Structure formats: C-alpha cells, structure tokens
Amino acid sequence: MPNYWSTGQLAALTGLSIRTLRYYDQIGLFSPSLYTEAGHRRYTSEDMQLLLQILVLKRMHLPLEEIKEMVRAGNEKLLDTLDQQISRVKAEIAVQEKLLSQLERTKQEAAKTENISFQELTSLFELIRLNRSDYFTNQQLDKMREHYRNTSDKALKQGEERFQELLEELKDKQEKGVSPQDKSVQNLAKEWQKLMETFSDGNQGLIKSAEKFYAENPQPALHYGLDGALYRYIQAALERFTM
C-alpha cells in the first residue's frame with residue numbers, strides 16, 4: 001500500500017474527477033498534505049480519510065461551505081449539523097407525504113369525470129394543492145358536489161361555456177377602458193353573478209367563500225381567465241346592486 005497517492009490515483013479510487021479535487025483545493029475544502037519538488041500534489045492516508053468524510057457529508061446534501069466549516073470545527077459542530085439535517089429530511093418527508101395525498105385525491109376526483117383533459121387535470125390538482133379546506137367548509141364542498149351530481153352534463157357544459165363567454169366579454173370591456181358603471185358592463189356582471197349563484201345553488205356563504213378563494217389564489221382563477229384585475233372590475237360593476 002503506498003504512503004501517498006497522486007491526484008490521478010485518488011480520483012480513480014474515489015470516483016471523483018481530477019478537476020473536482022483541484023476545485024476542492026482551490027476553495028480550501030480539501031488540500032494535499034504533500035507536494036513533490038516539481039509541485040505535484042500527493043495525498044496521504046490521513047488525507048484519504050478526510051476526503052471520505054467529506055463525501056459522506058456531501059451525500060447528506062450539505063453545501064460545500066457548511067462542510068468546510070465542519071471540517072475546521074471538528075466534532076464540535078457535528079451534533080448541530082446532524083440536527084439540522086434531521087430537520088431537513090423531516091421537512092422533505094412532510095412535503096412528499098403531502099404530495100402523495102394530493103395525487104391520491106386528484107386521482108379520486110379525476111376518476112369521477114370521464115375523458116378529463118390534461119388542462120382540467122392540472123387545474124384540479126392546483127385546486128387541491130391549495131388546500132380548499134382553508135376556504136370551504138365540508139358542508140360547502142358537499143353542497144358543490146351535490147349540485148354537480150344533480151345537474152346534467154349538458155346543463156353543466158352550457159353553464160360553463162356561458163361563464164367563460166361572460167368573462168371574455170367583460171375582459172374585452174375592461175381592456176377597451178369601458179367604465180364598470182357602464183350599463184352594458186353592469187348587465188354582463190349581473191349575469192356572471194347569477195351564474196355564480198346557479199353553481200352554488202344560491203348559497204351566499206358558498207359564493208363568498210369562492211370569491212375569497214379566487215381573490216387570494218390567482219393561479220386557479222387564471223385557468224378560467226379570471227385574474228385579480230378583472231375580478232375587481234366585475235365587483236366594481238356590481239357595487240350598485242350590492243349596496
């Protein structure tokens with residue numbers, strides 16, 4: 001067994017590239033203990049042991065700067081680093097468990113709908129990801145499901161198409177600078193509101209919850225073309241009806 005290794009030999013033993021070993025030397029993370037008269041790096045068995053420790057820490061996904069601090073501090077920083085890593089892993093597990101739950105719920109919802117499109121599926125996943133329980137009670141969610149179960153596919157499609165048409169017409173008015181107090185805008189906004197009431201079966205609490213959800217979560221709303229500015233435009237048009 002040699003008393004030391006060259007950079008090439010150490011690279012072959014560890015699977016690291018020569019470039020990586022030189023980079024570690026440049027940043028002060030891992031440097032050879034010896035140099036030949038010609039200036040070539042030579043690594044001792046102690047160097048090898050240190051490098052193996054560094055590689056273990058890298059597999060723990062620690063940044064190089066943090067590894068460098070650990071190497072300098074020795075065992076003093078070990079427990080703190082392990083605690084931090086435990087917290088990171090727990091957080092990652094929590095994220096993955098939440099993602100699994102979301103995917104299972106998305107599959108359950110998608111299984112109830114025939115021929116669901118990719119766009120509809122991603123929109124559905126986004127709604128579930130945002131945890132609707134923060135906005136809707138279980139009773140309100142049951143109410144929405146009941147409405148969809150008791151309404152024919154044809155009626156649902158017609159309502160959703162008209163809902164989309166109204167938003168496009170209102171968006172066109174907004175972009176053209178038409179005042180929300182203009183009669184034509186108010187009529188469109190009123191029809192939009194009536195459709196909202198139809199979808200919610202006239203439940204005002206559910207309507208308010210839905211408005212709060214879409215006002216605070218623009219991404220799902222954008223799926224339907226309802227951004228924050230358009231929502232405020234519609235609400236301005238409805239002011240005289242709600243006062």
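Remember, it's a predicted structure, so these values are computed and weren't measured experimentally.
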Rounded at 0.5 Å granularity, tell me how far [atom1] in [X] sits from [atom2] in [Y].
X: L21; Y: T14; atom1: CG; atom2: OG1; value: 5.5 Å
X: F30; Y: Q53; atom1: CZ; atom2: CD; value: 10.5 Å
X: K171; Y: L166; atom1: NZ; atom2: CG; value: 15.0 Å
X: Q164; Y: E169; atom1: CD; atom2: CD; value: 11.0 Å
X: L50; Y: S31; atom1: CG; atom2: OG; value: 9.5 Å
X: W192; Y: L170; atom1: CH2; atom2: CG; value: 9.0 Å

Where [X] and [Y] come nearest, the two heavy atoms and their spacing:
X: S17; Y: A11; result: C-CB, 4.2 Å
X: L62; Y: R88; result: CD2-NH1, 3.3 Å
X: V178; Y: Y233; result: O-OH, 2.7 Å

Inspect the contact between [Y] and [X] and indicate whether a charged nitrogen and a carboxylate oxygen are less than 4.0 angstrom apart.
X: R162; Y: E165; value: yes
X: K68; Y: E65; value: yes
X: D25; Y: R41; value: yes

Evaluate the side-chain proximity of [Y] to [X]: yes if any heavy-atom separation is below 4.5 Å, no if none is.
X: K90; Y: S87; value: no
X: V185; Y: Q174; value: no
X: D47; Y: W5; value: no
X: Y43; Y: T7; value: yes

Counting only heavy atoms not in Y23, do more than 12 fall under 6.0 Å of its OH?
->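 At most 12 heavy atoms, drawn from other residues, nucleotides or ligands, come within 6.0 Å of this atom.
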
Report yes or no: does Q9 contribute a side-chain atom to a donor-acceptor pair with the main-chain N or O of S6 at less than 3.5 Å?
->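 Indeed, once roles are kept as given, a pair shorter than 3.5 Å links the two residues.
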
Tell me whether [Y] is reachable from [X] by hopping between hydrophobic residues (I, L, V, M, F, W, Y) whose side-chain heavy atoms are closer than 4.5 Å.
X: L13; Y: L29; answer: yes
X: L10; Y: I18; answer: no
X: V71; Y: L55; answer: yes
X: M48; Y: V56; answer: no
X: M70; Y: I27; answer: yes

Report the C-alpha separation of K194 and E191 in whole Å, then their side-chain angles, then the decisive distance to 0.1 Å, and conclude whether the salt bridge (Lys or Arg N to Asp or Glu O under 4.0 Å) test is met.
-> CA-CA 5 Å; K194 285 181 179 179; E191 187 180 351; over 6 Å; no

CA sep, side-chain torsions, deciding dist, call: I54, L64, side-chain contact (heavy atoms from CB on, under 4.5 Å) = CA-CA 9 Å; I54 290 171; L64 293 181; 5.5 Å; no

With side-chain contact (heavy atoms from CB on, under 4.5 Å) as the test, would you mind laying out the steps for Y35 and R42 before giving the verdict?
-> CA-CA 5 Å; Y35 287 88; R42 293 293 180 264; over 6 Å; no

Quick one: do the Q186 and K183 side chains pair a donor with an acceptor below 3.5 Å?
-> no

Do S179 and Q181 meet the criterion of a side-chain donor-acceptor pair at a distance under 3.5 Å?
->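 Judged by distance alone, the side chains do not pair up.
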
